[in-house]
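Throughout, protein chains are lettered first and strands after them, A, B, ... in sequence-line order, and every chain is numbered starting at 1.
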Amino acid sequence: MPGVFSQRTAFMSRYSAAEIESRWQEAWNKAGVFTASHKTDRPKYYVLEMFPYPSGRIHMGHVRNYTMGDVIARYKISTGHNVLHPMGWDAFGMPAENAAMAIGGHPKTWTYDNIADMRGQMKPLGLSIDWSREFATCDPEYYGQQQALFLDMLQAGLVYRKNAVVNWDPVDMTVLANEQVIDGKGWRSGADVERRELTQWFFRISDMAEELLEALDGLENWPAKVRLMQENWIGKSRGLQMTFDLTAPAHGQDGIEVYTTRPDTLAGASFMALSTDHPLSRALEADNPDLAAFNAACRKMGTSEVELEKAEKRGFDTGLTVRHPLYPDQTLPVWVANFVLMDYGTGAIFGCPAHDQRDLDFARKYDLNVIDTFVALDDDTRVQNTAFVPPKTEKVRWIDQPAGLDVATGQEAIDATIDWAETKGLGTGKTQFRLRDWGLSRQRYWGCPIPVVHCATCGVVPEKKENLPVRLPDDVSFDIPGNPLDRHPTWRDCACPSCGAPAKRETDTMDTFVDSSWYFARFTAPRAETPTDMDEAEYWMNVDQYIGGIEHAILHLLYSRFFARAMQITGHLPKKAIEPFDALFTQGMVTHEIYQTRDERGRPVYHLPEDVTDGRLADGTEVEIIPSAKMSKSKKNVVDPVSIISAYGADTARWFVLSDSPPERDVEWTAAGAEAAHRHLARVYRIVDEIVGADTGPQADDETLLREMHKAINDVTLGVESFGFNAAIARLYAFTNTLAKSGAGKAARLQAARALAQLMSPMTPHLSEEIWSRLGGEGLVATAPWPVADPAMLIDDTVVLPIQINGKRRAEISVPKDMPKDEVEKTALAVDAVQRALDGAAPKKIIVVPGRIVNVVV
RNA sequence: GCGGGCGUGAUGGAAUGGUAGACAUAUCAGACUUAAAAUCUGAAGGGCCUAUGCCCGUGUGGGUUCAAGUCCCACCGCCCGCACCA
């Protein structure tokens, strides 16, 4: 029973985050507030943050990501939704193998230990997660279902095998990921990387290019920039496919087929270029050792697009010539060039140096013709060392246009030229996509085994579903480079699922992007004996709000969209889940200053934030401060959430990562900012204590405070719903100041403070529970209904209107909120400053924007 | 190289085309204290200045508009992605 003594103790007490936070976390667990079940009438809401890779330590980026999801989840609980908010681990991948190679141990042990550590670091944050649904992608129960999914996709014709090139390290005798190729050399061996062709598994994502592109329009709650990035990635273009006839047949070929998106510039063609991997280019190697050497040299290089694009443009003249399609008496030389991609179009292009910078650089280097086909409308300067490449929507004057155009835009010319070429039988219009099929094979151990068997008689045979999961063997070692599955003595041996004869397992494992392409669906029924449970999927899908980093804007999200379609085709997801993420939010990074000194040889030495005070090390050495960089272990500009939580509490960390910066932008972690956040929470605690201990009746200020309360409810609600967390927090600061200074009576202040507790509860759930209970709130604030603003309390009776003269603010007037426009005009004209500016003349124009502004033009 | 984004006080940032700088940090002044911390109160974009007055000001240069941080064009700088990192 609360008596004088307990009130006194409350008044004397101080904000102790550690004690408060563990107590309320226990209360939530006990009440099972966050366990999701669909046996309820409330509308469902599925909120998901991109699941983490278990590196072993959570970082501030995780704290920010999960706090944002938590704010949404808690807000939705308060507004009467049945919320699903799960968490899992994207647990396969190279770091576990790298760790095994570097420090010994087993990837599995390393991974599960890390998961345990990270779960332990995450739980103190007080996230509203349904931990009963947790899984890791390296659990056989998960990857076994993924194998089942793969077999269904194989049967549905969504998977196939073909040859593809990989980065090959000739010293370590292993396949390298692009990130393991540094300046064209293997990161461990330092050897020059080569391209090597292997037979690999592919998903037919490019068959869905058109649909994946068109469906982007429906994703209204995705950031426009992500949709645009995906659109450009899919890269639909309409162009012309045509054949350039060889002047003399070569290797049984009469001509070379090219695809171009700029057929309108055909007259400017001055050479033809083949990819080093083009069939003709390979065929020519046989009788041209110099070309063979050239091609071999070009292949000594990584496979990443950046590397290919940035490499010095080099070419080799094959000596072959083709006839110019427009001018059959002219011939063009055929080159092999290292910048032509075999993966796009036909692996052969015609070069038009005047209107393509890369072609121009190539032409200047090898002294090829530069032929202008069009010039600007008002400037007929010819191309020198900068190609003339105006936007396709700009009108230009044509010098030589196949379809006979004079003045037209690039796009008009392209369309006209395709029609013209089709009529003349020179070529056919063709739609081409940049999107390539998704190669999923990885020559690595720590991934989901591809469940197929290679049989001498039956060929490639799918494993039987009853034999799933195909488990990874535990007895492997990482002391020799290469895939341990390849050299395992017994794991590869199995019976052919078709004929029963001795056969060999596939040793490639799946790209980890496969794991993350359907985990959101698995969360709806994480223990199901099939990949998904259609009833649960029907109920919970789609993800109503997905939150993660912009770095996933293309690959992960595109692959997930593909999987949702593939899972629908194979009967694992309902039709409604064809676009699995209704709304997407991409949050920014957490950054920190870098503290740097130099060693005696001038190389940078980095220092941890805790070792630097006022720009100096403990020994007085001044450090150089590099502002605002992504937190990275190697730069030592990391702040460990665990130490922040133990110093200030989870609520402080949560409050800080949400304040200051808009969620989609980077936020800079500063010690001062964290302290300020903590001071504010302590202040809220004190103010509540003071209110609870107060003893005043109704006051004149009551209405003012309650009006402010309703405005705060309105603004914070809008802020939370629109991901304006920083603005919502700024509003909460302002409302706290108002509450602290208010002369209202106890009842009004209690009411306002309870609203404050509720409005803060998505961000600082523990402190909010604590003050909610002190203020006499009923039950848990976590489940209390969200406060609703009274519209009548939001509008003040009078408004202050700024008066502009010629667009510059010169005065202001205070008028009743519903004063008619003409009276506002009259009042504005009567103002001294306006009278002075008019100087007796009549105003040229008066603009009155009701409730906003008045502008007088003189 | 290609694709996408961002740029506002000393600092993080706010601002449905409508009073630029909310809110916070740092700073300064005052109160309380033997003192410090904490707390509370207040000041503050730059400049001219007696100012309730004027000029300048959202990376740079142009444009649209009664009105531009916001829309358009060009440029500069920084960040992200580029298909085997997750």
Side-chain angles (χ1 to χ4, degrees), chain A residues 50 52-53 55 90 92-95 164 166-167 175-181 200 205 223-226 228-233 235 302-311 313 339 343 357-358 434-444 511-513 515-516 549-556 558-559 586 588-589 591 627-630 656 659-662 664-668 670 672-673 675-677 679-680 682-683 686 724 726-727 729-734 737 740-741 800-804 806-812 832-833 844-847 849 851-857:
Chain A
M50 291 179 186
Y53 179 78
S55 61
D90 189 12
F92 275 133
M94 291 201 309
V166 293
N167 300 308
V175 175
L176 298 177
N178 283 338
E179 73 155 16
Q180 296 174 313
V181 179
Q200 308 209 60
I205 188 172
K225 65 176 171 186
V226 174
L228 186 58
M229 284 161 86
Q230 293 220 350
E231 184 183 326
N232 289 333
W233 185 263
T303 58
S304 79
E305 195 179 320
V306 202
E307 214 176 329
L308 296 175
E309 290 285 339
K310 280 194 168 172
K313 307 295 172 266
F339 61 85
D343 288 326
Q357 189 60 43
R358 193 164 52 181
R434 207 184 73 98
L435 181 66
R436 310 198 294 258
D437 276 338
W438 168 15
L440 67 123
S441 293
R442 297 293 181 270
Q443 295 69 40
R444 278 180 248 286
D511 178 5
T512 55
F513 270 121
D515 312 337
S516 56
I550 185 73
E551 66 274 20
H552 294 293
I554 296 173
L555 294 180
H556 163 60
L558 191 62
Y559 291 159
T586 53
M589 296 181 302
T591 64
S628 203
K630 180 177 183 169
F656 179 73
S659 61
D660 273 17
S661 278
E664 68 274 15
R665 247 194 274 177
D666 293 350
V667 65
E668 169 135 328
T670 60
E675 276 164 29
R679 272 206 305 274
H680 176 73
R683 180 169 180 239
R686 274 198 312 276
N726 57 325
I729 284 182
R731 195 63 190 76
L732 286 167
Y733 270 107
N737 290 337
K741 289 174 192 173
V800 175
L801 289 184
I803 309 294
Q804 292 184 333
N806 292 340
K808 291 196 175 198
R809 185 187 168 282
R810 283 291 183 261
E812 57 185 37
D832 278 356
K844 280 189 190 148
K845 198 171 181 182
I846 304 176
I847 292 106
V849 184
R852 301 300 307 222
I853 206 164
V854 179
N855 190 12
V856 182
V857 185

(request) Select from Gly93(A) and Ala734(A) the residue whose nearest nucleotide in RNA chain B is closer to the 5' end of that strand. (result)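 Residue closer to the 5' terminus by nearest nucleotide: Ala734(A).
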(request) Using the closest heavy atom to pick a nucleotide of RNA chain B for each, name whichever of Met229(A) or Thr670(A) lands nearer the 5' end. (result) Met229(A)
Side chain of [X] - closest among [options]:
{"X": "Arg442(A)", "options": "C84(B), G4(B), A14(B)", "result": "C84(B)"}
{"X": "Asn726(A)", "options": "G13(B), G4(B), A86(B)", "result": "G13(B)"}
{"X": "Gln443(A)", "options": "G4(B), A83(B), C84(B)", "result": "C84(B)"}

(message) Does G9(B) count as syn, meaning its glycosidic angle lies within 90° of 0, or as anti?
(response) syn
(message) Can you see if the side chain of Arg809(A) gets near the phosphate of A67(B) - specifically, an N or O under 4.0 Å from OP1 or OP2?
(response) no
(message) Check the phosphate of C56(B) against Lys808(A), side-chain N and O only, distance under 4.0 Å to OP1 or OP2. Yes or no?
(response)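 Result: yes.
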(request) Write down the distance between CG (Leu732(A)) and C1' (A22(B)), rounded to a whole number of angstrom. (result)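 It is 14 Å, rounded to the nearest whole Å.
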(message) Looking at Glu307(A) and Gly302(A), would you say the former's side chain and the latter's main chain have a donor-acceptor pair under 3.5 Å?
(response) yes
(request) Using only heavy-atom distances, decide whether a donor-acceptor pair under 3.5 angstrom links the side-chain of Arg444(A) to the base of C84(B). (result)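 Indeed, a donor on one side and an acceptor on the other fall under 3.5 Å apart.
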(message) Can you tell me whether the side chain of Gln200(A) and the base of C84(B) have a donor-acceptor pair closer than 3.5 Å?
(response) yes
(message) Give me the distance, rounded to whole Å, that separates A14(B) from U8(B) when you measure between the C1' atoms they each carry.
(response)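 The answer is 10 Å between these two C1' atoms.
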